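The block underneath contains the structure these notes are about, expressed in structure tokens.
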Amino acid sequence: MCGLVGLVGKTDIAADIYDALTVLQHRGQDAAGIMTCSGGRFHQRKSEGLVRDVFGQVHMQRLAGPMGIGHVRYPTAGSSGPALAQPFYVNSPYGIALAHNGNLTNAEALSQQMFQEDLRHLNTDSDSEVLLNVFANELQNLGKLNPTEKEIFKAVEAVHRRCSGGYAAVAMLVNYGVLGFRDPNGIRPLVIGSRETPKGTEYMLASESVALDVLGFEMIDDVAPGEAVYIDMAGNLFRRQCAEQPHLKPCIFEHVYFARPDSMIDGVSVYKTRMRQGEALARKILAERPDHDIDVIIPIPDTSRIAAQAMATTLGIKFREGLMKNRYIGRTFIMPGQSQRKKSVRQKLNPVPLEFEGKNVMLVDDSIVRGTTCRQIIDMARDAGANKVYFASAAPPVRYPNVYGIDMPSAEELIAHGRTVDEICELIGADWLVFQDLDDLRASSLDGNPAIEDFDCSVFDGNYITGDVDEAYLQRIHDLRNDDAQTQRRAAAAVVGLHNDAVGEE
């Protein structure tokens, strides 16, 4: 999962892209990058780290130009390093930069085609570089010296025919404009907004509407599944449906965990979906244990807070902030390596003993993935004096890996894979465990926009909506994503980094 920004303005826009990326920092903490264009040249700064650490004053001064794109990266294929920071760039045709959120499920086959048929060299194993080269090759094949929106949209049509998976992308063509497009199922989000200035209208593309809000842009619309949006240098906006059979089936995990609650995605308020998740959980609790003995409901900050509040209100039980969060620790879900995740949980949260001592506590989290976090938090609750510790998940059991841009672990590392609810409850050490029903989770989001055909719920039900995911593909995902493989890659990357540093010193 990554965060995207594309902006066409009337003056230098690097500072606006920087601000937008800070708002989207929750979508990726591995690396950040900005590329702008002025005078027929690209200006770029990208590196590993948070937005605030990657960009200094000297970098911002060099990022001149009225149009640009930005990216915050979360390593969706389990690998990381400076070479994988985005945007990526190719010089032919025209000079194109691209930033991508998602994952191509046929990236391996496309990589071979790029070399054998299109004669293009790929410098990394990133599917984002594959997507860029597919687009660049299709645009080059049209042979136009000065591409119009018609040629650009025609190239996107070819991208949709060749690429499979979940993807949203922003691209920039030197001296021409900025393009945004979204996969035919709308799995990954992308929105567009406008802002009036004394010099004219400015346009912005972003992964979430909150980035528009913060910078004073009015949201125009979600980019539709399969649609492409192009803004030229003169500030003209063009939109076209570029997929043959588009369907709106967005990733429901955006509503569960990734998106900020103040965002609107596909016409749905993330805040309200999480409220409805909590209300549905409360109804399930009343159905299963009408005589429950819960004394207090405590959220595991931050993403579960809204659902926990709604649950407490529906049940008529006290809601308390019993776990205090260290704001300077990143999201443990996207921490690389099990040992680092375990260490981060203890550094990140600390209990308030008064809210636990002698009470039957219901802890609420957005989901349970590996079980690492909830096991430690349940232990903390008992150490703080809780009488009984119950646990509720606002999402159903996560039993399958995600292949559309969320780097969930291999199936064997998912605590719910192949286990019953009772077995999971015993493993995490809870006295009682309640999961959201999938039908209730769907309803919580569909209630916001009946036009949505369905959601990608593959992590819960194993139904991969692109239809091209088989056991062989899932085995490759396992080989890439299990913690041992990631540890080996990080060790190799560290050796390369030390070598590069030594070369640089000579």
Side-chain angles (χ1 to χ4, degrees), residues 1-28 32-36 51 55 63 65-72 74 86-87 98-102 167-172 177-182 186-225 227-232 235-239 248 250-251 254-255 258-274 448-449 452:
M1 193 71 63
C2 301
L4 305 176
V5 179
L7 208 156
V8 177
K10 300 300 180 182
T11 57
D12 287 349
I13 44 73
D16 281 342
I17 294 178
Y18 175 95
D19 289 342
L21 291 181
T22 61
V23 175
L24 297 174
Q25 186 75 84
H26 61 285
R27 299 187 67 86
I34 295 175
M35 187 174 283
T36 62
V51 174
F55 302 100
L63 293 170
M67 72 174 183
I69 60 176
H71 185 265
V72 287
Y74 151 66
Q86 298 186 35
L98 180 141
H100 164 225
N101 172 31
Y167 53 91
V170 291
M172 178 169 57
V178 167
L179 168 74
F181 58 92
R182 194 175 177 195
I187 298 173
R188 302 268 69 91
L190 193 64
V191 299
I192 182 168
S194 65
R195 179 176 67 183
E196 297 301 325
T197 74
K199 294 185 178 182
T201 305
E202 299 179 326
Y203 292 98
M204 179 175 167
L205 292 152
S207 292
E208 295 184 33
S209 64
V210 66
L212 305 177
D213 300 338
V214 169
L215 290 169
F217 283 77
E218 294 289 329
M219 184 165 170
I220 296 173
D221 203 355
D222 292 274
V223 177
E227 184 183 23
V229 176
Y230 176 61
I231 307 107
D232 65 20
N236 298 306
L237 172 67
F238 305 93
R239 303 178 65 173
L248 183 53
C251 175
E254 290 278 356
H255 296 167
F258 267 103
R260 273 183 42 158
D262 44 347
S263 283
M264 297 285 295
I265 297 180
D266 293 310
V268 178
S269 164
V270 178
Y271 182 87
K272 288 187 176 180
T273 64
R274 292 180 184 171
N449 181 5
I452 296 174

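In this text, all values refer to a predicted model and were calculated from it rather than measured experimentally.
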Completion exercise
Applying ring-ring contact (aromatic ring centres under 6.0 Å, His included) to Y230 and not counting sequence neighbours gives none
Practice task
Could you tell me which residues satisfy ring-ring contact (aromatic ring centres under 6.0 Å, His included) with H255, sequence neighbours excluded, listed by chain and number?
Solution key: F455
Could you tell me the separation between the [atom1] atom of [X] and the [atom2] atom of [Y], rounded to the nearest 0.5 Å?
| X | Y | atom1 | atom2 | answer |
| --- | --- | --- | --- | --- |
| L248 | I187 | CG | CD1 | 10.5 Å |
| M67 | D232 | CE | CG | 9.5 Å |
| L98 | M172 | CG | CE | 10.5 Å |
| I192 | L205 | CD1 | CG | 4.5 Å |
| F238 | L179 | CZ | CG | 12.5 Å |
| M35 | L63 | CE | CG | 9.5 Å |

Within a strict 4.5 Å, meaning less than it, do heavy atoms of the [X] and [Y] side chains meet?
| X | Y | result |
| --- | --- | --- |
| I220 | Y203 | yes |
| K10 | E202 | yes |
| V5 | L21 | yes |
| R195 | D16 | yes |
| V51 | Y18 | yes |

Exercise for the section: Only counting residues at least two apart or in another chain, list the ones meeting side-chain contact (heavy atoms from CB on, under 4.5 Å) with A168. Expected result: L4, R188, L190
Problem - Partner residues of I13 under the side-chain contact (heavy atoms from CB on, under 4.5 Å) criterion, sequence neighbours left out - result: L7, I17, T36
Fill in the blank from the handout: For residues 208-223, the side chain to side chain donor-acceptor pair (under 3.5 Å) pairs (sequence neighbours left out) are H26-E208, R27-E208, E208-S263, D221-R239
Practice task
Report the residue from M219, M264, M204 that forms a side-chain contact (heavy atoms from CB on, under 4.5 Å) with V191.
Solution key: M219
Handout entry: Side chain Q86, main chain H100, donor-acceptor under 3.5 Å
Key = yes
Determine the minimum heavy-atom distance between [X] and [Y], stating which atoms define it.
| X | Y | result |
| --- | --- | --- |
| G6 | I69 | CA-CG2, 4.0 Å |
| I34 | P87 | N-CD, 4.1 Å |
| G448 | V268 | C-CG2, 3.9 Å |
| A32 | F55 | CB-CE1, 4.0 Å |
| L212 | A206 | CD2-CB, 4.5 Å |

Completion exercise
By salt bridge (Lys or Arg N to Asp or Glu O under 4.0 Å), R260 pairs with (sequence neighbours left out) D262
